[in-house]
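Below: one structure, written as C-alpha cells.
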Amino acid sequence: AASDVYKRQVGELIGRTKKVTPDDVYDAMLNIHDNDVDITVRRLAEVCFCSTRTIHRNMCTELKREKELLNQQLNE
C-alpha cells in the first residue's frame, strides 16, 4: 500500500497542470498594451513569470496575430 501512495504522489508532481495558459498570455498582452509599450515575447514571459519558450509554446496563430495588431495600434 505504501508503494501505491508513493506512485500516486510522483504521478501528481509529474502530471500537474500547466501554469501558463493561452488566456494568461492574452491577459498579459492586454496589460502590456494598456501601458503603451510594445508587446514582445520577453515582456510576456516577464509578466507571466515563465520562460520565453513557454510563451512560444502557448501562443497560437490567433494570439500572434493579435500581438501584431496591438503593436500596430501603438505605432499609429
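One-based numbering along the sequence shown. For the numbers below, each heavy atom of this structure counts, side chains included, while hydrogens, waters and symmetry mates do not.
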#### Entry: Test side chain to side chain contact (heavy atoms under 4.5 Å, CB included) applied to T52 and L44, step by step
CA-CA 8 Å; T52 55; L44 288 170; over 6 Å; no
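- V37 and F49 fall into different hydrophobic clusters, where Ile, Leu, Val, Met, Phe, Trp and Tyr residues are linked whenever their side-chain heavy atoms come under 4.5 Å apart, directly or through other members.
- Interatomic distance, I32 CD1 to T40 OG1, rounded to the nearest 0.5 Å: 6.5 Å.
- Counting only residues at least two apart or in different chains, side-chain hydrogen bond (donor to acceptor under 3.5 Å, both in side chains) contacts with residues 60-71 are absent.
- Linking Ile, Leu, Val, Met, Phe, Trp and Tyr residues whenever their side-chain heavy atoms come within less than 4.5 Å places L30 and M59 in a single cluster.
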### Task
Would you sort out whether N58 and T54 count as a side chain to side chain contact (heavy atoms under 4.5 Å, CB included), showing the intermediate values?
CA-CA 6 Å; N58 284 291; T54 301; 3.5 Å; yes
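- Partners of E46 by side-chain hydrogen bond (donor to acceptor under 3.5 Å, both in side chains), not counting sequence neighbours, listed by chain and number: R42.
- Residues L74 and L70 fall into different hydrophobic clusters, defined by Ile, Leu, Val, Met, Phe, Trp and Tyr side chains chained together at heavy-atom separations under 4.5 Å.
- Heavy atoms only, all atoms of each residue included: P22 and L63 are closest at O-CD1, 3.8 Å.
- Each side-chain hydrogen bond (donor to acceptor under 3.5 Å, both in side chains) pair with one or both residues in residues 22-31, not counting sequence neighbours, appears once here: T21-D24.
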